[in-house]
Amino acid sequence: MIEKKIIGIIRKLISSLLENSMNQEEAEKSLNEIHTHFQQITEITGYDFKIEHLAAIPTAKGKALGLNYAAQCLLDYKRTIKFLKAIVLAILEKQKKQPGELINVFYAGCGPYAPFITLVAPFFQPEEVQFSLLEINENSFNSAKKLINSLELSNHIKEFYLADAVTFKVSNPNSFHILISETLDALLYRECYVPILFNLLPQFNKNVILIPENVLINLSLLTHSKNNSDSKEYEVGSVLNVRESVSSHANSNLNLSQLPDKKVDLKSLDMGTYEKILLDTKVHIHGDIWLYRNESSLTIPLEFILEQPFLNNAIIFTYLMEPEVELKCRFE
């Protein structure tokens, strides 16, 4: 076990992240210090070259990040801070609505540092909040358990599951108040956020808070420009709204391999004035907390050139969940 003094330092650093007065530079410094402590406790640096730490883990649909990449997510600063604030807020909201009730949180895909337990649990007593963790990567699973025990947070843990969230059946799902599944990448590529939601979300009661609440992939067109600052952007709209997609198939027993095509009609637009197509990922974490363009690795946009003259009438987008998880498009 680590010294009580170190636990105290880590908890003080965690508390500082929720201070609205803290600027971005100070927040990054606090997260870097927390990361250093987590590295020392788990002996997981996130930067070694062990094959078992680098390799992505196949799931029933898509892949789970390798241990190293999952560890590095802690240092995606705005992402971590916004998720931390959102989860604490969600717990407080549930406590207000259901005073005196034990709040149960189901956390799918916790990674080696289980940040949304190790950063969140210190704000609450075990009698207030309990967490159930699910992780597919055995090395990450063992690391998370070691870190939680070392930080003296094991009393906050209801269950540990080593399993695939894409196929997992939740025991007593109606007892849970919050579902966390921060299992996504930009453009919802490769990782399992969508298939996990198709499996898990229908199992919980309709009042469960999902974090992140939704993910949107939006389409924009960029005009010709001498440089990026001169370019004008026309927002066409969403080509994928995850919550709408999950809701529309909630009563279906089909094992979906892809979502229905989304056709975007371009006939009414003067496509000759546009130089690029831009696909943008927006993450609605909770309430009024969002991750916007370039705030995180999750929200880095994809641009590609429109060849002129542009002679097509539409773009058709297809989100695949088999054999790989990815968004594809074609012109017609």
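- Screening V129, L89, I209 against K94 for a side-chain contact (heavy atoms from CB on, under 4.5 Å) leaves a single residue, I209.
- A donor-acceptor pair under 3.5 Å is formed between the side chain of T36 and the backbone N or O of N32.
- Judged by distance alone, with hydrogens and angles left aside, the side-chain atoms of N199 form a donor-acceptor pair with the main-chain N or O of A165 at under 3.5 Å.
- Between F131 and H156, the ring planes lie tilted relative to each other; the angle falls in the 30° to 60° range.
- Just one residue in the list V120, I180, I157, I87 forms a side-chain contact (heavy atoms from CB on, under 4.5 Å) with Y107, and that residue is I180.
- Note: F310 and F331 have perpendicular aromatic rings, judged against thresholds of 30 and 60 degrees for the angle between ring planes.
- A side-chain contact (heavy atoms from CB on, under 4.5 Å) with I9 holds for exactly one of K12, K5, R11; it is K5.
- The closest donor-acceptor contact from the side chain of E324 to the backbone of L320 lies at 3.5 Å or more, if one exists at all.
- Considering L147, V105, L133 as possible partners of I117, the one that fulfils the side-chain contact (heavy atoms from CB on, under 4.5 Å) test is L133.
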Worked verdict on L197 versus L210 for side chain to side chain contact (heavy atoms under 4.5 Å, CB included): CA-CA 9 Å; L197 291 199; L210 173 65; 3.7 Å; yes
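- Not less than 6.0 angstrom separates the ring centroid of F106 from the ring centroid of H177.
- Counting non-hydrogen atoms of neighbouring residues, nucleotides and ligands closer than 6.0 angstrom, the CD atom of E235 reaches no more than 12 such neighbours.
- Judged by distance alone, with hydrogens and angles left aside, the side-chain atoms of Q308 form a donor-acceptor pair with the main-chain N or O of M271 at under 3.5 Å.
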